[in-house]
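Just so you know, residue 1 is the first one in the sequence shown, and it goes up from there.
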Amino acid sequence: MSSEDPKKADKEVQAMDQENKDEILQHFSTFKDYLGDQVRKGEKLNLSEKGLAQGAKRVSDYLNKHEEPRNREEKVLHELWQETENDEEKDTFARLLVRLAQQTND
């Protein structure tokens, strides 16, 4: 695993300008492509699956707290994230998001 800080993902999202966020979050396919690009970058930095999932978890927490879902798919993800009851469930959900994003890389 790289020494790269997995907290970088949420810092990057927080620093992103609103226009860029809007563009990414407007359509689920764009969001999934963006997530896939971020996972690909993490893989190139040799982040482990756990490190990638930690980044996805942080981004999910940020989006849940600061962004309203903008389409049906994001609404489902938002509602599922809110139903997670503990860190273990959040970790599982984040790993699934990483797998979904990896499919965009194929």
- prompt: According to a 4.5 Å side-chain heavy-atom criterion applied to Ile, Leu, Val, Met, Phe, Trp and Tyr, with indirect links allowed, do Val39 and Leu96 form part of one hydrophobic cluster?
  reply: no

task: Kindly indicate whether the side chain of Phe31, heavy atoms from C-beta on, has any atom under 4.5 Å from the side chain of Leu63.
output: yes

- prompt: How many angstroms lie between NE2 in His78 and CZ in Arg70, if you round to the nearest 0.5 Å?
  reply: 12.5 Å

message: Can you give me the closest heavy-atom contact between Gln102 and Glu43, atom names plus distance?
response: NE2-OE2, 2.8 Å

query: Going by heavy atoms in the side chains, are Lys32 and Glu73 under 4.5 Å from each other?
result: no

message: If you define the side chain from C-beta out and look only at heavy atoms, does anything of Leu77 sit under 4.5 Å from Phe28?
response: yes

query: Heavy atoms, side chains only, cut-off 4.5 Å: are Trp81 and Asp61 in contact?
result: yes

query: Are more than 12 heavy atoms from other residues, nucleotides or ligands located less than 6.0 Å from atom CD of Gln26?
result: yes

message: To the closest 0.5 Å, what do you measure between OH (Tyr34) and CD (Glu23)?
response: 11.5 Å

- prompt: Where is the tightest heavy-atom contact between Gly36 and Thr104, given as atom of each residue plus distance?
  reply: CA-OG1, 3.3 Å

query: If you measure from CD on Gln38 to CG on Leu52, what distance do you get to the nearest 0.5 Å?
result: 11.0 Å

- request: State, to 0.1 Å, how close Ala94 and Ala56 come at their nearest heavy-atom pair, and which atoms those are.
  value: O-CB, 3.9 Å

query: From Glu79 CD over to Glu74 CD, what is the distance, rounded to the nearest 0.5 angstrom?
result: 12.5 Å

query: Hey, are the side chains of Arg95 and Asp91 touching, using non-hydrogen atoms and a 4.5 Å cut-off?
result: yes

task: Enter the distance from Thr92:OG1 to Leu97:CG here, rounded to the nearest 0.5 Å.
output: 11.0 Å

field: Lys90/Asp87 salt bridge by N-O under 4.0 Å criterion
entry: no

message: If I take atom CD from residue Gln82 and atom OG1 from residue Thr84, how far apart are they, to the nearest 0.5 angstrom?
response: 8.5 Å

